[in-house]
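What follows is a set of notes on a single structure, which appears directly below.
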Amino acid sequence: MNLLFLLKPKNTVDYILEEDTLREALGKLRTSGFTAAPVISKEGKYVGTVTEGDFLWYLQDAATPEKVKDEVLVRDILRKDWNQPVHVSETMEQLLELVLNQNFVPVIDDRNFFVGIITRQSVIRHFIDRILKLKHQVKEQDGEKQEGEKE
């Protein structure tokens with residue numbers, strides 16, 4: 001199955017730029033209503049994901065939190081190797097491995113450009129729809145068998 005079928009494209013995703021200050025990024029995160037957001041470079045490449053907790057712990061450890069919010073950039077607080085992306089041509093199995101541990105999986109292209117996300121919810125919805133479709137097909141086949149037996 002093509003992963004693009006489940007993709008929420010970049011132009012519909014709330015993301016943060018790595019050059020945003022903590023104040024700007026926190027504002028974007030608050031406006032979005034989400035607790036995490038993908039972070040991209042000004043060129044559009046995926047660089048990581050930032051969470052409310054990342055901000056909280058960084059500010060907790062800062063000597064002057066108010067000053068830090070305007071001077072520190074998002075790229076300075078990113079955790080490396082967290083919320084790994086999936087390549088647009090990867091298999092459903094690879095996606096499933098990632099979505100088990102991530103609420104959303106960033107999707108990148110051959111040049112590491114961010115193209116969107118696939119949410120855990122959309123993956124679960126996809127499989128629910130497939131199960132319901134299969135159940136419906138089985139019911140139809142059972143109905144045809146029963147009619148054939150009556151004749």
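All values below come from the heavy atoms of this structure, side chains included, with hydrogens, waters and symmetry mates left out.
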Got a second to check how far [X]'s [atom1] is from [Y]'s [atom2], nearest 0.5 Å?
| X | Y | atom1 | atom2 | value |
| --- | --- | --- | --- | --- |
| T51 | N83 | OG1 | CG | 9.5 Å |
| M92 | I118 | CE | CD1 | 7.5 Å |
| I117 | Y46 | CD1 | OH | 10.5 Å |
| Q102 | W82 | CD | CH2 | 7.5 Å |
| L29 | D20 | CG | CG | 11.0 Å |
| F114 | I108 | CZ | CD1 | 10.5 Å |

If hydrophobic residues (ILVMFWY) are linked whenever their side-chain heavy atoms come closer than 4.5 Å, directly or via other members, who joins I128 in its cluster?
I124, L132
Flag the pair L73 / T21 as yes when at least one side-chain heavy-atom distance between them is below 4.5 Å, and no otherwise.
yes
Under 4.5 Å between any side-chain heavy atoms of Q94 and L3, yes or no?
no
Membership question, hydrophobic clusters at under 4.5 Å side-chain separation (ILVMFWY): are [Y] and [X] in the same one?
| X | Y | value |
| --- | --- | --- |
| L95 | V107 | yes |
| V88 | L6 | yes |
| V39 | L56 | no |
| V74 | L26 | yes |
| F127 | F5 | yes |

Taking atom [atom1] of [X] as the centre, report whether more than 12 heavy atoms of other residues, nucleotides or ligands fall under 6.0 Å from it.
| X | atom1 | answer |
| --- | --- | --- |
| E97 | CD | no |
| W57 | CH2 | no |
| E71 | CD | yes |

No-hydrogen, no-angle side-chain donor-acceptor test under 3.5 Å, E43 and S41:
yes
Filter on side chain to side chain donor-acceptor pair (under 3.5 Å), then keep only pairs touching residues 9-18, sequence neighbours left out; what's left?
none
For residues 108-118, which residue pairs qualify under side chain to side chain donor-acceptor pair (under 3.5 Å), counting only residues two or more places apart or in two chains?
H87-D110
Can any side-chain N or O of R23 pair as donor or acceptor with the backbone N or O of K69 at less than 3.5 Å?
no
Look at the side chain of Q84 and the backbone N and O of L98, then say whether any donor-acceptor pair between them is shorter than 3.5 Å.
no
Here's a test for you: under side-chain contact (heavy atoms from CB on, under 4.5 Å), which of I40, L78, L17 qualifies with V47?
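Between V47 and the candidates, side-chain contact (heavy atoms from CB on, under 4.5 Å) is satisfied uniquely by L78.
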D129/R125 ion pair, N-O < 4.0 Å:
yes
